Amino acid sequence: MMWNHSGHLEAFLGVPCAGGILHTLNLRLHAHEIAAIANHARDRFLIIDDVLLPIYEKFREIANFERVIVAPYGCGSVPHGFLNYEELLAKAGDDFVYPDLDENEGAAMCFTSGTTGNSKGVIYSHRAIVLHSFAEGLVDTFGVGQHDTVLAISPMFHANAWGVPYTCTMVGARLVLPGPNVDAESILDLIVQERVTMACGVPTVWIGVLDALERNPGRWKVTETVRIASGGTAPPLSLIRGLDRYGLRIIHLWGMTETTPLATTGRLKRHMLEWPEEKQYEVRAKQGWPAPFVELRVMRPEGEAPWDGETPGELEVRGPWVAGNYYESPDQAHRWTEDGWFRTGDVATMDAEGYVKIVDRAKDLVKSGGEWISSVDLENTLMGHPAVKEACVVGVPHPKWQERPLAVVVLKDGAQVSGDELRAFLGKSFAKWQLPDAVVFVEAIPRTSVGKFKKIALREQFADWKWE
Ligand code: AMP
């Protein structure tokens with residue numbers, strides 16, 4: 001249980017090479033949930049940052065660790081009763097014999113971020129991580145090499161920071177690990193000071209970064225283009241366009257804890273470089289095409305959906321780094337087809353070029369009077385309005401229509417706009433029945449433990465909304 005830093009990187013490599021399974025614990029979860037996950041996984045040793053010990057104190061009585069080892073990077077001292085990570089390393093001899101491991105043995109483990117409140121464990125084999133690193137390093141995916149300096153903002157406890165620590169180590173890229181300092185200004189400071197060439201993080205991080213750049217003209221000078229691997233949710237088109245203006249170029253990716261996590265990247269194909277700019281942006285906002293060895297298909301009750309960019313269905317994925325089951329969860333077997341496709345729960349379309357577009361999480365689609373409305377499309381268009389910093393759309397129960405969309409909006413500092421103006425703005429791109437019936441302005445949108453908008457919390461908050 002650590003922030004992103006060098007000690008965590010040591011554990012990423014040392015634990016699996018020593019024959020253990022590195023189970024990264026999400027420090028943003030509720031203490032009881034952390035303990036439940038650790039106990040379920042039968043974790044034996046806890047390596048924890050000294051600054052995170054107050055969290056440990058909240059679950060120490062209910063967790064079953066044999067030893068707790070403290071990494072003394074924050075306060076510099078280790079309280080009585082704990083082992084000191086640095087002292088243990090200093091005492092270690094050089095006679096350790098690395099076990100000869102089968103490539104199919106477990107190397108690492110993560111639990112899904114549990115937006116449904118029911119998180120499930122995924123074990124990554126050595127084979128999966130190595131193959132994933134090869135694919136992630138390729139030119140058409142992340143294109144990482146020894147000349148790169150990569151800033152890993154996505155937490156190392158969220159799908160192994162998207163495999164970036166492994167890929168960068170494999171190719172010899174320089175890694176910049178920000179510790180707990182993941183606010184927009186610290187990120188921009190690091191990008192400039194460390195001459196970062198690539199960074200990875202969820203769109204909510206980049207929304208904050210774009211806002212900081214716009215509010216402080218000239219403060220950060222990015223001299224060379226920085227590739228921004230952005231995944232976890234769809235980046236609004238306005239964000240891709242806005243960051244381009246500052247030399248931050250989004251590479252859109254889609255993946256899941258269950259897919260190690262990289263499955264697609266949305267790069268432009270060669271012939272698309274001739275296309276008008278507007279069309280290129282549309283393509284870059286899609287989740288893209290699968291990495292080598294990954295297969296994708298969009299399934300409907302009657303079979304595979306046509307590649308027309310319009311017909312939605314459930315996205316299924318298969319490949320050498322796609323999980324084949326959840327850890328000790330036989331009740332979840334229905335998530336896989338008999339021939340090994342994983343049912344993602346994402347609703348998507350596939351276009352004639354083979355680009356996937358995620359329409360929504362199945363459970364986030366707004367079901368209005370028998371029709372589906374994509375919350376993602378609405379919120380990403382809203383975030384293109386100059387006054388809007390963040391927007392999240394959720395389906396709220398409605399007496400007549402079953403559900404109707406409600407938009408929750410955070411305005412930019414000092415900006416003003418009314419709900420009706422925003423609805424009129426959306427009306428340029430959406431049919432009337434798709435528009436949110438209500439717009440609520442808030443100070444902040446709640447986030448999940450990995451930085452996505454927490455729709456489940458908003459749905460609960462507005463469950464009793466009185467429609468006019
Ligand atoms: P997690 O296991 O926490 O990484 O969550 C995986 C889920 O995040 C996927 O099933 C998608 O619903 C969502 N997701 C990941 N990447 C994207 C993306 N680029 N666009 C839209 N949704 C995404």
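In listed order, ligands and their atoms are each counted from 1. The figures that follow rest on heavy atoms only: side chains count, while hydrogens, waters and symmetry mates do not. Owing to the predicted nature of the structure, the values given are computational and were not obtained by experimental measurement. Residue indices begin at 1 and follow the sequence shown.
Ligand 1 does not have A159 within reach: every non-hydrogen atom of the residue lies 4.0 Å or more from it. At least one heavy atom of T233 sits less than 4.0 Å from an atom of ligand 1.
Annotation for F293: atom CZ does not count as buried by contact number, only 12 or fewer foreign heavy atoms lying within 6.0 Å. In this structure, R44 places its CZ atom where only 12 or fewer heavy-atom neighbours from other residues, nucleotides or ligands lie under 6.0 Å away.
Against a heavy-atom cut-off of under 4.0 Å, H158 is close to the following atoms of ligand 1: 1 (P), 3 (O), 4 (O). Close approach of ligand 1 to R361 is summarised as follows: ligand atoms under 4.0 Å from at least one heavy atom of the residue are 10 (O), 12 (O). Close approach to H252 involves these atoms of ligand 1, each under 4.0 Å from a residue heavy atom: 18 (C), 19 (N), 20 (N). With ligand atoms numbered from 1 in the order given, ligand 1 contributes 16 (N), 18 (C), 19 (N) to contacts under 4.0 Å with heavy atoms of L253. Atoms of ligand 1 lying under 4.0 Å from at least one heavy atom of T257, given by number and element, are 1 (P), 2 (O), 3 (O), 4 (O).
A side chain to side chain donor-acceptor pair (under 3.5 Å) with S368 is found for exactly one of E403, R404, Q434, Q402, namely R404.
Taking the centre of each ring, F157 and H8 stay at or above the 6.0 Å mark.
Distances between N or O atoms of M256 and those of ligand 1 include no value under 3.5 Å. For ligand 1, none of its N or O atoms has an N or O atom of T112 under 3.5 Å away. For ligand 1, none of its N or O atoms has an N or O atom of I358 under 3.5 Å away. The distance criterion of under 3.5 Å between nitrogen or oxygen atoms is not met by S230 with respect to ligand 1.
Ring planes of W336 and Y326: perpendicular class, angle over 60° (limits at 30 and 60°).
Using modelled atom types and a 3.5 Å distance limit, the side chains of N104 and S125 yield no donor-acceptor pair.
Ion pairing between a basic and an acidic side chain is recognised when a charged N comes within 4.0 Å of a carboxylate O; K120 and D331 show no such pairing. In summary, K269 and D140 do not engage in a salt bridge, as defined by a charged side-chain N under 4.0 Å from a carboxylate O.
Distances from atom 15 (C) of ligand 1 to the heavy atoms of G255, G231, S119 put G255 nearest.
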